[in-house]
Amino acid sequence: MKRIYEAAAYGPQGACFWADTVSGDDWPALPGPRHTEVAVIGGGFTGLSAALHLAQDGVEVTLLEAGHAGYGASGRNGGFCCLGGSKASDAQLRRHYGPRGLAAWRQTEKDAVATAARLIEAHGIEADIHSEGETIIAHSPRAFGKLKAGLDGMAEAYGTRPRLTEMEEMAAEGLGGPFFGALTIPLGFALNPRKYLAGLTRAAQSAGATLHAHSPVTALSRQTRWQLDTPQGRLTADRVILATNGYSSEDLPDWLRARYLPVQSSVIVTEPISPELQAAQGWSSHQMAYDNRFLLHYFRLMPDNRFLFGMRGGLTATPRAQAAISRKIRADFAAMFPAWRDVTVSHEWAGLVCIMASLTPFAGAVPDHPGLFAGMGYHGNGVAMGSHTGMLLADLVQGKTPRAPIPEAMRHPPRRFPLGRFRRALLAPAYATAGLLDL
């Protein structure tokens with residue numbers, strides 16, 4: 001595989017809390033050469049959703065995952081099933097796609113949350129769901145001013161009116177801390193992503209999908225059929241779905257080279273926080289929340305009263321850089337929740353989210369590659385959007401009209417980043433600029 005980070009960035013999950021909450025959910029390796037109607041590369045939310053919907057339609061589908069079940073971003077994320085998937089601003093979306101295109105994208109954000117909710121309900125998935133929508137926390141007076149100024153626009157965009165919380169009301173809502181107000185959007189929910197993934201696994205297998213882990217695709221080519229080479233043998237397929245997102249390889253296929261940019265994200269989880277310590281901090285809400293910095297923090301009190309805290313950042317995956325990120329995430333946590341600075345951190349891990357040059361996801365056919373489709377680029381919000389994209393790809397690969405509209409913002413094949421395999425150098429100035437804007 002050709003990847004742009006050090007090997008450690010793609011390495012084992014380490015002390016990931018979610019892994020401790022499931023058992024026996026791995027899949028067998030590909031047993032040898034096989035043929036299938038549709039092959040799916042990648043066993044995260046996108047790939048599993050695609051496999052499930054294809055199998056439900058009676059299509060023979062085989063999924064190949066390079067690591068164990070839940071190895072990549074779908075098993076490492078913060079568990080926020082919420083609006084998102086793009087980093088483009090309203091102004092950028094309106095300029096590129098017009099008012100209707102912007103409205104179509106906003107509707108797709110809502111549709112994505114609804115898709116995940118439907119899958120959970122339809123298949124009886126126990127995923128530790130909590131949180132009534134998502135809460136955006138203002139980290140400065142200026143940031144709160146932006147939330148207030150965008151209130152009407154957000155209500156128009158999503159067809160529901162968010163609730164504004166002034167700074168002096170924060171503690172009463174269990175949102176105490178060095179914050180300056182909040183805005184709650186009543187759309188979305190938090191979950192345990194590994195339990196959700198395990199539920200999708202059971203549903204896909206029950207529908208007839210074949211799932212294989214520990215079966216990395218080392219070469220992808222097309223003769224009369226698509227050929228997917230693995231250490232165990234070759235899988236041939238009539239059509240293929242790429243669902244590898246930030247864990248993609250530059251040469252699977254060569255078309256993918258430089259069309260995506262993985263970005264590191266880190267998470268810590270604490271031991272359960274007692275009611276006394278919750279009261280001392282003034283934070284007892286189980287809302288999923290994030291601050292409105294460009295380099296955001298995301299956090300929530302989980303059903304068992306452990307606290308999850310995550311952040312973006314990190315330019316390399318060397319031991320020295322990873323140690324620095326570990327120090328920073330703990331320092332940021334202590335600064336935002338000072339009453340908990342001595343609470344034991346029981347779990348810490350990192351993973352890769354995926355951004356695109358257009359700042360919007362892609363779902364569709366790969367140009368000049370007959371029978372090849374791809375879904376990727378969720379900008380850190382893949383729980384909902386990945387689940388939704390997998391459903392859309394299942395329809396596209398069958399030549400069916402998608403069961404939900406695909407907005408223009410997702411239709412354009414991704415363009416390449418500058419600098420090729422050195423493109424992560426673009427992150428350093430971007431992070432420096434973002435840090436200044438966050439002041």
Side-chain angles (χ1 to χ4, degrees), residues 45-46 49-50 53 80-119 131-136 143 145-164 182-189 245 260 288 290 292 294 296 353-365 373-396 400-415:
F45 298 137
T46 303
S49 176
H53 286 94
F80 285 50
C81 185
C82 58
L83 301 171
S86 165
K87 284 300 182 185
S89 67
D90 281 5
Q92 289 172 309
L93 291 166
R94 191 180 293 108
R95 182 168 63 252
H96 289 297
Y97 310 113
R100 290 186 179 179
L102 171 59
W105 167 251
R106 296 302 180 212
Q107 182 60 50
T108 297
E109 289 183 86
K110 294 172 60 177
D111 290 347
V113 173
T115 294
R118 174 183 59 79
L119 289 169
S131 184
E132 298 178 4
E134 58 183 322
T135 298
I136 308 171
K146 286 185 177 181
L147 289 181
K148 293 178 72 173
L151 187 62
D152 290 339
M154 195 169 288
E156 180 181 357
Y158 297 112
T160 184
R161 189 162 187 83
R163 180 169 54 84
L164 199 68
L183 184 146
T184 298
I185 308 169
L187 295 169
F189 48 90
N245 208 34
Y260 63 100
M288 59 179 178
Y290 64 94
N292 53 350
F294 284 92
L296 60 80
V353 301
C354 183
I355 65 175
M356 314 296 277
S358 64
L359 301 181
T360 55
F362 172 64
F373 299 79
M376 61 193 306
Y378 310 125
H379 301 88
N381 287 95
V383 178
M385 195 57 68
S387 302
H388 190 66
T389 297
M391 178 189 73
L392 299 176
L393 290 172
D395 290 336
L396 291 175
K400 295 169 49 178
T401 299
R403 64 196 79 190
I406 304 177
E408 189 179 354
M410 294 180 70
R411 291 175 180 265
H412 296 279
R415 65 179 186 271

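Reckoned from all heavy atoms, side chains included, excluding hydrogens, waters and symmetry mates. Just so it is clear, the model here is predicted, and its values are computed rather than measured.
- Remark: the backbone N or O of Ala357 is paired with a side-chain donor or acceptor of Arg415 at under 3.5 angstrom.
- The two residues Asn381 and Cys82 make their nearest non-hydrogen contact at ND2-SG, 3.3 Å.
- Under the 4.5 Å side-chain criterion, counting only non-hydrogen atoms from C-beta, His388 is in contact with Leu392.
- In plain terms, the two heavy atoms of Arg411 and Ile406 that are nearest each other are NE-O, 2.8 Å.
- A pairwise comparison of heavy atoms in Pro162 and Leu183 identifies CB-CD2, 3.4 Å as the closest pair.
- Nearest heavy-atom pair, Val383 versus Cys81, reported as atom, atom and distance to 0.1 Å: CG1-CB, 3.8 Å.
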### Message
Applying side-chain contact (heavy atoms from CB on, under 4.5 Å) to Tyr290 and Ile136, what does each step give before you reach the verdict?
### Response
CA-CA 5 Å; Tyr290 64 94; Ile136 308 171; 3.2 Å; yes
### Query
Yes or no on side-chain contact (heavy atoms from CB on, under 4.5 Å) for Phe45 and Met385, after CA distance, side-chain angles and deciding distance?
CA-CA 9 Å; Phe45 298 137; Met385 195 57 68; over 6 Å; no
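- The only option from Thr184, Ile185, Leu187 that meets the side-chain contact (heavy atoms from CB on, under 4.5 Å) definition with Glu134 turns out to be Ile185.
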### Derivation of the side-chain contact (heavy atoms from CB on, under 4.5 Å) call for Arg118 and Met391
CA-CA 12 Å; Arg118 174 183 59 79; Met391 178 189 73; 3.4 Å; yes
### Query
Should Thr46 and Met376 be marked as a side-chain contact (heavy atoms from CB on, under 4.5 Å) after you check the CA-CA gap, both sets of side-chain angles, and the distance that decides it?
CA-CA 8 Å; Thr46 303; Met376 61 193 306; over 6 Å; no
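- Listed here is the closest heavy atom pair of His379 and Pro361: CE1-N, 4.2 Å.
- Side chain of Thr389 to backbone of Gly375: no donor-acceptor contact under 3.5 angstrom is found.
- A donor-acceptor distance shorter than 3.5 angstrom exists from the side chain of Ser86 to the backbone of Leu359, with no hydrogens or angles considered.
- Across all non-hydrogen atoms, the minimal contact from Arg161 to Pro186 is O-CD, 4.2 Å.
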